[in-house]
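For this chain, numbers begin at 1 and follow the sequence in order. The analysis underlying the following values was restricted to heavy atoms, covering all of them including side chains, and did not include hydrogens, waters or symmetry mates.
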Amino acid sequence: MSSANPDSAAAAAAPSILAPASVSAATVGDTDDPDLLGFSVHHLANYFMDLVRAKYPDSGNDTTIYKIEDLRELDTNGIIREEGKDTQCPIDGEKGAAYVHTLQ
């Protein structure tokens, strides 16, 4: 009979909720992997919401994503596409980058 804690074994076998199963601990936080890029809740709650409030001052905190970035109107950049329109994409080198690539 094993003296190992069954809860420890289950925890060791459980997939990580912090990273996909295919991502090793060594690559978490590697900004060269575009699949791992993202932005913080702090960024959304502060900087991004400041952009939304500046563009839509009467909207309060209930602005929908369709008002922020309406992809039915491809000729008009919303807040998200406007941020990356003049940024060189680090993936393909072309003008126009994903919002996450505009963040420092």
| said: Can you tell me how far apart OG1 (Thr64) and CG (Asp70) are? Round to the nearest 0.5 Å. | reply: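 Reported to 0.5 Å precision, the distance equals 8.5 Å.
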| query | Could you state the interatomic distance from OG1 (Thr87) to NE2 (His101), rounded to the nearest 0.5 Å? | reply |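 Atom-to-atom, Thr87:OG1 and His101:NE2 are 10.5 Å apart.
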Minimum heavy-atom distance [X]-[Y], with the two atoms named:
X     : Y      : value
Phe39 : Val100 : CD2-CG2, 4.4 Å
Glu69 : Ile79  : OE1-N, 3.5 Å
Ala97 : Cys89  : CB-CA, 3.9 Å

| Are the aromatic ring centres of Phe48 and Tyr99 under 6.0 angstrom apart? | yes
Are [X] and [Y] packed together at the side-chain level, in the sense that at least one heavy-atom pair is separated by less than 4.5 angstrom?
X     : Y     : result
Met49 : Leu44 : no
Arg81 : Leu71 : yes
Ile80 : Ile65 : yes
Arg53 : Thr63 : no

| said: Please determine whether the number of non-hydrogen atoms from other residues, nucleotides or ligands lying under 6.0 Å from atom OH of Tyr56 exceeds 12. | reply: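 Counting neighbours around OH of Tyr56, more than 12 heavy atoms of other residues, nucleotides or ligands fall under 6.0 Å, so yes.
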| Can you list the residues that meet the side chain to side chain contact (heavy atoms under 4.5 Å, CB included) rule with Lys85, with sequence neighbours excluded? |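 Once residues adjacent in sequence are excluded, the partners of Lys85 under the side chain to side chain contact (heavy atoms under 4.5 Å, CB included) criterion are Asn77, Glu82.
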| Is the side chain of Gln88 donor-acceptor paired with the backbone N or O of Gly93 at a distance under 3.5 Å, no angle test? | yes
